[in-house]
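Notes to accompany the following structure.
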Protein chains: 2
Amino acid sequence: MEKKQNYSKKREAILEAVRSTDTHPTAEWVYQKLKAGYPDLSLGTVYRNLSAFKEQGVIMSVGVVGGREHYDGNTSPHTHFICSRCGAVLDVPGNFVSKTQVEKTASDCGFKVTSSEVMLRGICAECLKKEKY
Amino acid sequence: MEKKQNYSKKREAILEAVRSTDTHPTAEWVYQKLKAGYPDLSLGTVYRNLSAFKEQGVIMSVGVVGGREHYDGNTSPHTHFICSRCGAVLDVPGNFVSKTQVEKTASDCGFKVTSSEVMLRGICAECLKKEKY
DNA sequence: CTCCGTGCAAATACTTTGCAAAGCG
DNA sequence: CGCTTTGCAAAGTATTTGCACGGAG
């Protein structure tokens, strides 16, 4: 039983904001970005719409980094890299997981896998540069 | 400049609690488990010690699932499966990432990778059973 | 005696929610 | 009009922190 969804300019703007960047934004980031064009936008609305999008599978969550949930408008499977220094979340080209191996494991263990995600942690190029002291 | 660390029975108990299970506990879980044996244990202490352990690399974090941070006493690289229904975090045998491929990507992109993690999402065997309606 | 570790409670930080008002169809 | 979406502010939840006291060395 799906709920009917009316058109909303703000909702569209929120989705567009997430899709138009590769910075893996947080709710706060989206809010700050849109505040200029939509002065009466409320942070609650951003949160509400982002979770709705996530639930519908329109966008994905990269997970919670530094206490904040980061979203990703790119739903095609790809890899993420998290810098332990600055907390940046970067896209990494390439799929590191063997699909057949996952499927085999799933049937072995008796559960159903709907998605897989690879996360690399380390220090990004930016922070490596600054670190030379 | 490392800080000196005295012996503490409670700290040891907290570490032992995380290591003695494969349920990937949260701070609250550890607290509940130890409360019986250490009636005046405080939740703040559990949080404090868990983050200290994590920082020292003695234990790892599985990430935030359902709003709570889950820890893992097993620091050897392995894979995690998260059930979208019940939120359980399970260990999965097998390493799904190609080390050489990660290393190549790292040098290509100019950052340093210190760890990699694979996360599978789906529905666990338990929940699949219950779902037959 | 001098620090370290802890209990306790207050403070944070992010996210969710209730409700009345405004908007879409 | 009926149902959806929003603003606003209050409530929630997980985690962190300040401080005085008990404990280890």
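Each chain gets a letter, A, B and so on, in the order the sequences are listed, and its residues count up from 1.
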Taking atom P of dG5(C) as reference, at what distance in whole Å does atom CZ of Phe53(B) sit? 11 Å

Tell me whether the side-chain N/O atoms of Lys10(B) come closer than 4.0 Å to OP1 or OP2 in dG23(D). no

What residue among Val30(B), Val58(B), Ile14(B), Val18(B) forms side-chain contact (heavy atoms from CB on, under 4.5 Å) with Asn49(B)? Ile14(B)

With 3.5 Å as the limit, what N/O pairs link the protein to nucleotides 22-25 of chain C?
none

For a quick check, with a 4.0 angstrom heavy-atom cut-off, what is the B/S/- contact string for nucleotides 12-19 of chain C, read 5' to 3'? --SBBBB-

Between dT5(D) (P) and Leu15(A) (CG): distance, integer Å: 14 Å

What is the separation between atom CG on Leu50(B) and atom P on dG5(C), rounded to the nearest whole Å? 15 Å

Please report, rounded to the nearest Å, how far the P atom of dG7(C) is from the CG atom of Leu34(B). 11 Å

Does Glu126(A) come within less than 4.0 Å of Arg85(A), counting only side-chain N to carboxylate O? no

Under a 4.0 Å threshold between the charged nitrogen and the carboxylate oxygen, would Asp72(A) count as salt-bridged to Arg19(A)? no

Take Gln32(B) and Lys35(B) through the side chain to side chain donor-acceptor pair (under 3.5 Å) test and state the conclusion after the steps. CA-CA 5 Å; Gln32(B) 293 299 337; Lys35(B) 210 171 48 176; 3.2 Å; yes

For atom NZ of Lys112(B), decide whether the heavy atoms of other residues, nucleotides or ligands shown that lie under 6.0 angstrom number more than 12. no

Could you tell me which residues satisfy side-chain hydrogen bond (donor to acceptor under 3.5 Å, both in side chains) with Asp91(B), sequence neighbours excluded, listed by chain and number? His24(B), His78(B), His80(B)

Would you say that more than 12 heavy atoms from the other residues, nucleotides or ligands in this model lie under 6.0 Å from the CD of Glu55(B), or not? no

Find the distance between OG (Ser98(B)) and NZ (Lys104(B)) and round it off to the nearest 0.5 Å. 11.0 Å

Between dT5(D) atom P and Asp40(A) atom CG, what is the distance in whole Å? 17 Å

